[in-house]
Amino acid sequence: MSDKVPVRDFATDWDHTDPRWVADPYPIWDDLRRRCPVAHTERYGGGWFPTTHDAVSRVAKDTEHFTSRTVVIGNGRPLEDAPPAPIGVAPPISSDPPFHQIARRLILPAFAPGPVNALEPMIRALCRRLLDALAGRGEIDAGSEFAQFIPPAVIIRMLGFPERDEDLFREFVHVVLEGIDQPVEQRIEQFAPIEEYFAVQIEDHRAHPRDDLTTYLLTVEVGGQRLAPEHVFGTMILILVAGIDTTWSAIGASLWHLATNPGDLARLASEPELMATAVEEFLRFYAPVSMARLVKEDVDYLGCPMKRDDWILLGFPAANRDPAVFPDADRFVIDRRENRHLAFGLGIHRCAGSNLARLELRVALEEFIARYPRFELADPAGVTWAPGQVRGPRHLPLRLASREG
Amino acid sequence: MTVRVSIDVDQCQGHGRCFSLAPELFAFDDLGNGVVRGDGTVDETHLDAARLAVANCPEHAVSLEEST
């Protein structure tokens with residue numbers, strides 16, 4: 001980041017990795033929504049950033065003008081030899097219609113409310129174990145010692161990989177997430193151990209089929225045929241990437257809010273029935289994820305001269321603060337009853353894991369607050385926010401007061 | 001007067017808000033998409049829940065109709 005030219009005006013030169021944007025993007029977005037409302041940049045080879053609920057919704061639902069071939073903004077465009085649309089590298093997030101629907105229907109049953117709700121006791125036990133391990137500490141890093149552990153542990157169990165590999169698995173996540181800015185050759189090199197590990201797990205599942213997501217992906221048939229190996233691997237990578245730092249960011253950001261808003265923490269601790277609306281408001285107010293699209297062909301859209309292969313950054317978190325849709329949009333309202341937020345996107349690419357994310361967020365908060373009804377930031381300067389398209393606190397030093405204390 | 005809820009299946013993307021907010025009126029299919037229970041008739045006691053389901057659907061897929 002340090003070698004980049006600082007942004008002078010986000011309206012004409014936005015950069016979602018700019019330190020000001022990373023630290024506190026909301027005033028920037030509010031300003032752009034008033035002034036533009038679609039911001040432009042020449043960075044990353046050219047891109048657009050709509051900031052209103054209406055504009056973000058339109059692009060999210062429009063698969064005629066925009067492709068999901070790549071949903072993470074980088075300096076290059078997808079390689080010529082990368083799996084092309086409509087399948088893409090990580091189906092179905094990287095797929096366009098009509099293939100998208102086939103790939104999506106395959107994974108939706110695994111993330112439907114029935115199987116997801118059955119995971120609640122496991123997730124609760126996991127949260128309790130993590131909190132037990134922190135017992136007696138007056139200060140903890142709720143980012144790296146609590147929130148970070150929950151989603152990988154859940155995903156490793158869903159995939160049916162050995163639980164003893166949790167540390168290794170978290171390392172993979174780190175490689176996938178932190179390496180986004182690196183050159184392609186280095187990325188390929190870094191992915192090699194992940195591919196090897198997944199290959200071993202896949203082989204083990206082939207030899208010993210069992211009731212888990214990996215066996216399902218290996219045995220499910222479309223039109224009488226099993227999935228291509230690259231489809232299975234791509235979907236596993238998607239589950240690894242999309243299911244982990246997103247939810248961990250939502251849990252961390254919610255705890256950050258409670259640590260800095262003692263009134264909301266006190267209400268949630270004394271009125272647990274508020275949790276349902278609180279979870280939706282956390283998702284609206286701190287939606288962690290922005291997804292990208294590429295413009296298919298030159299088009300005038302939203303009043304902008306968009307060029308083929310320009311990026312569109314879908315600012316779901318910015319849309320969630322649009323006062324045209326949300327009364328008191330810039331205020332966190334713990335009992336907000338009407339909340340049509342876009343934290344999980346909109347249209348055919350609605351986050352397939354949204355039921356799981358909501359469950360993890362709710363259970364993590366319930367268990368944390370039950371153990372620690374009072375907490376505050378131990379070191380505000382020690383809080384660091386992840387840059388890029390998934391925003392959440394990586395480090396969150398908290399000072400704790402236990403129920404007894 | 002009869003009040004009925006309905007779901008536009010072409011708009012529903014399985015956000016799951018309707019059956020979370022009004023489980024008496026909505027269920028879900030094996031893909032996680034919302035489905036209306038029975039013929040969608042809403043009795044007095046569930047009117048508020050029905051309105052919440054409408055107001056919280058991100059896809060504007062849930063609607064409520066009154067007929068006499």
Side-chain angles (χ1 to χ4, degrees), chain A residues 53-54 56-58 60-61 63 92 100-117 216 275-277 279-281 283-284 287 316 319-320 322 325-327 335-359 362, chain B:
Chain A
H53 191 281
D54 181 57
V56 171
S57 302
R58 276 185 64 187
K61 289 184 163 200
T63 54
H100 167 269
Q101 193 185 10
I102 297 167
R104 183 169 171 88
R105 289 181 83 98
L106 285 175
I107 63 161
L108 280 181
F111 294 94
V116 164
N117 291 343
Y216 173 75
M275 189 55 89
T277 50
V279 161
E280 297 308 313
E281 186 68 342
L283 288 167
R284 179 185 77 88
F316 298 120
N320 282 352
D322 185 347
V325 173
F326 302 97
D335 55 358
R336 190 182 287 274
R337 279 166 58 85
E338 297 186 6
N339 202 342
R340 238 179 212 132
H341 66 77
L342 304 184
F344 295 111
L346 205 63
I348 64 167
H349 289 282
R350 184 270 305 172
C351 169
S354 64
N355 297 306
L356 180 61
R358 281 189 164 103
L359 177 66
R362 173 171 63 78
Chain B
M1 190 190 73
T2 312
V3 179
R4 277 209 175 91
V5 285
S6 60
I7 294 177
D8 180 343
V9 293
D10 292 330
Q11 296 299 316
C12 175
Q13 297 291 346
H15 290 260
R17 304 298 295 129
C18 57
F19 52 78
S20 301
L21 290 160
E24 304 86 357
L25 302 172
F26 303 95
F28 49 86
D29 64 15
D30 65 339
L31 296 178
N33 289 329
V35 288
V36 171
R37 287 188 192 274
D39 67 355
T41 304
V42 183
D43 66 35
E44 196 83 349
T45 55
H46 295 132
L47 208 51
D48 191 43
R51 291 203 174 105
L52 277 183
V54 172
N56 281 280
C57 176
E59 308 283 351
H60 295 259
V62 182
S63 53
L64 194 145
E65 274 173 44
E66 296 180 17
S67 58
T68 43

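Residue numbering restarts at 1 for every chain, and letters A, B, ... go by the order of the sequence lines.
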query: Contact part of Ile348(A) toward chain B, heavy-atom cut-off under 4.5 Å: side chain, backbone, both or neither?
result: both

task: Check whether His341(A) gets within reach of chain B through its side chain, its backbone, both or neither, counting any heavy atom under 4.5 Å.
output: backbone

Which donor-acceptor pairs under 3.5 Å do side chains of residues 45-58 of chain B form with protein atoms, sequence neighbours excluded?
unit_1, atom_1, unit_2, atom_2, d
Thr45(B), OG1, Asp43(B), OD1, 2.5
His46(B), ND1, Asp43(B), OD1, 3.4
Asp48(B), OD1, Arg337(A), NH2, 3.1
Asp48(B), OD2, Arg337(A), NH2, 3.2
Asn56(B), OD1, Asn339(A), N, 2.7
Asn56(B), ND2, Arg337(A), O, 2.9
Asn56(B), ND2, Leu52(B), O, 2.8

Chain B interface, residue from [options] that has the most non-hydrogen pairs under 4.5 Å:
| options | answer |
| --- | --- |
| Gly347(A), Ala112(A), Gly114(A) | Gly347(A) |
| Lys61(A), Arg104(A), Glu338(A) | Glu338(A) |
| Ser354(A), Pro109(A), Gly345(A) | Pro109(A) |

task: For Tyr216(A) and Ile107(A), indicate whether the former's side chain and the latter's backbone hold a donor-acceptor pair under 3.5 Å.
output: no

message: I need the single residue from His15(B), Gln13(B), Gln11(B) that forms a side chain to side chain donor-acceptor pair (under 3.5 Å) with Glu59(B). Which is it?
response: His15(B)

query: Which pairs count as salt bridge (Lys or Arg N to Asp or Glu O under 4.0 Å) when at least one residue sits in residues 14-42 of chain B, sequence neighbours excluded?
result: Glu280(A)-Arg17(B), Arg4(B)-Asp39(B)

task: Evaluate the side-chain proximity of Val62(B) to Ser6(B): yes if any heavy-atom separation is below 4.5 Å, no if none is.
output: no

